[in-house]
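A quick write-up on the structure given underneath.
Lettering follows sequence order; numbering is per chain, from 1.
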There are 2 protein chains.
Amino acid sequence: MTRAQQKERTRRAIIDAAFAQLSPDKGFSSLSLREVAREAGIAPTSFYRHFADMDELGLTLVDEAGLMLRQLLRQARHRIEKNGSVIRTSIETFMEFVVGNSNVFRLLLRERSGTSAPFRRAVAREIQHFCAELADYLRKETACPDEFAQVQAEAMVTLVFHAGADALDASPELRLQITHRTITQLRWLAHGAAGYGRRPKE
Amino acid sequence: MTRAQQKERTRRAIIDAAFAQLSPDKGFSSLSLREVAREAGIAPTSFYRHFADMDELGLTLVDEAGLMLRQLLRQARHRIEKNGSVIRTSIETFMEFVVGNSNVFRLLLRERSGTSAPFRRAVAREIQHFCAELADYLRKETACPDEFAQVQAEAMVTLVFHAGADALDASPELRLQITHRTITQLRWLAHGAAGYGRRPKE
DNA sequence: AAAATTAGCTTACATCTGTAAGCTAACTGT
DNA sequence: ACAGTTAGCTTACAGATGTAAGCTAATTTT
């Protein structure tokens with residue numbers, strides 16, 4: 001194995017260790033370099049061969065999370081083609097992601113309103129990408145007036161993310177209820193935007 | 001001055017010191033007992049005469065923040081009586097609160113998706129109170145069907161809180177744009193809930 | 001084959017943390 | 001007036017943390 005390969009492998013070990021140490025009770029900011037290094041199986045100071053900072057590692061994690069988010073969107077579109085019900089399918093797909101990758105979703109949730117401005121910006125950027133892709137979809141595939149697609153997409157993402165956050169702490173049955181609630185909210189929004197949206201006074 | 005009064009005064013000094021040390025770059029979890037004590041003008045160990053834990057102090061802060069939130073709602077109702085435009089007035093009132101008490105609002109935002117389950121629950125409880133009061137208002141004063149008032153209120157609060165979070169990092173002009181966007185979103189929602197809401201299929 | 005690079009290690013240090021132990025002095029109830 | 005309570009202080013300690021300095025050994029380059 002070449003040295004570059006070994007290095008890349010260790011880098012992944014660090015990233016995976018960091019993700020693994022996130023939990024409902026432990027956010028990125030309370031991760032310590034030493035603990036991450038320990039879990040990755042390297043000496044504390046070796047960490048610096050791969051990242052200048054814990055911050056640099058954190059931004060890498062956010063990037064990876066954003067990537068997963070975009071993959072999720074494509075997956076949802078796939079399912080919609082076969083299934084039909086746009087809103088329901090989208091929300092159910094999202095909920096599966098949240099439950100199956102709760103650490104990743106939690107990272108985004110927390111750093112979105114976290115204490116580091118660079119982190120907040122990084123998360124905002126990822127979510128904005130997500131919104132933009134959704135807005136494109138709304139323009140192409142639904143009755144939403146073009147000029148309101150962006151605003152509608154943002155509202156939808158806000159509501160769905162919030163539902164995801166609620167679902168993280170919820171029992172499976174409560175989670176169904178949250179899903180149901182969110183479907184209702186998004187339908188109202190879609191209906192309102194399609195009709196009333198044409199004349200948003202002032 | 002009686003001893004009880006002096007104690008209460010120190011207690012307030014601690015609470016105020018904690019609020020003062022919150023900032024865009026520093027959340028509650030990264031507050032240290034020692035620093036708070038220093039700012040409150042007492043020795044580190046004297047802290048324990050007032051709170052068992054930092055956690056206990058934190059929950060007290062959340063309580064106070066919730067109180068302010070409810071006062072805000074009353075203030076908004078006052079203004080609406082004189083002004084008429086329900087949605088616009090409410091959002092503008094909320095935005096003033098966010099900008100004028102950014103530390104308080106940030107506390108709620110962060111601890112809502114924070115690392116401590118008790119904190120999350122405490123914030124959720126405060127926000128739920130807020131939602132319930134708003135739902136009451138919607139039932140009494142608007143065309144919203146009774147059985148959907150709660151779901152609508154939750155969506156509205158979600159969107160408005162999110163707008164507040166965005167506004168925290170925004171320039172004044174961007175803040176206006178956010179306000180405008182949120183007004184549009186809430187109007188869609190209200191319209192959708194009043195019409196389409198009567199038949200939310202499945 | 002010799003030289004240069006570098007991933008990772010060990011050791012070391014200064015700093016900050018929460019909190020335990022025990023003291024003082026002022027207030028309170030009787 | 002006197003005994004009890006307690007708010008606050010000082011001192012002390014045992015971690016944990018980030019990171020600097022310098023070494024080793026293996027891979028790359030020349």
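If you check C/dT17, C/dC9, D/dT19 against the side chain of B/R38, the one that comes closest is C/dT17. The side chain of B/T2 has C/dT28 as its nearest neighbour among D/dT19, C/dT10, C/dT28. Proximity note for B/I42 (side chain, C-beta onward) versus D/dC9, C/dT19, D/dT19: the nearest is D/dC9. Among C/dC9, C/dT19, D/dT17, the nucleotide with an atom closest to any side-chain atom of B/Y48 is C/dT19.
A/E35 comes within 4.0 angstrom of the backbone, heavy atoms only, and of no base. Within the 4.0 angstrom heavy-atom criterion, no nucleotide atom of any strand lies near A/E8.
Remark: C1' of D/dT29 and CZ of A/R3 are 11 Å apart, rounded to the nearest angstrom. Distance, B/Q6 CD to D/dC9 C1': 14 Å, rounded to whole Å. Across the protein-nucleic acid pair, A/R9 atom CZ and D/dT27 atom P stand 13 Å apart, rounded to whole Å. For the pair A/K7 NZ and D/dA25 P, the interatomic distance rounds to 21 Å; values are reported in whole Å. As a whole-Å value, the separation of B/F51 CZ from C/dT19 P is 15 Å. When the P atom of C/dT15 is taken as reference, atom CZ of A/R34 falls 16 Å away, rounded to whole Å. In this structure, A/F47 atom CZ and C/dT6 atom C1' are separated by 18 Å, rounded to whole Å. Between the CG atom of B/L57 and the C1' atom of C/dG18 there is a distance of 15 Å, rounded to whole Å.
Between B/F94 and B/F130, the ring planes lie tilted relative to each other; the angle falls in the 30° to 60° range.
For the OP1/OP2 pair of C/dG8 and a distance below 4.0 Å, the side-chain nitrogens and oxygens of A/T10 include at least one atom meeting the criterion. For C/dT17, one of the phosphate oxygens OP1 or OP2 lies less than 4.0 angstrom from a side-chain nitrogen or oxygen of B/S32. Listed pair A/S46 / C/dA7 fails the phosphate criterion, with no side-chain N or O lying under 4.0 Å from OP1 or OP2.
A side-chain donor from one of A/Q150 and A/E154 sits under 3.5 Å from a side-chain acceptor of the other.
Where B/M54 and B/R49 meet DNA chain C, the nucleotide closest to each residue was compared, and B/M54 sits on the side nearer the 5' end.
Checking B/L159, B/T158, B/D166, B/V160 one by one against B/H162, the side-chain contact (heavy atoms from CB on, under 4.5 Å) holds for a single residue, B/D166.
Applying the 3.5 Å distance criterion, the base of D/dT10 shares a donor-acceptor pair with the side chain of B/T45.
Rounding to the nearest 0.5 Å gives a distance of 7.0 Å between OG1 of B/T93 and CD1 of B/I80.
Residue A/E64 qualifies as enclosed at atom CD: its count of foreign heavy atoms under 6.0 Å is above 12.
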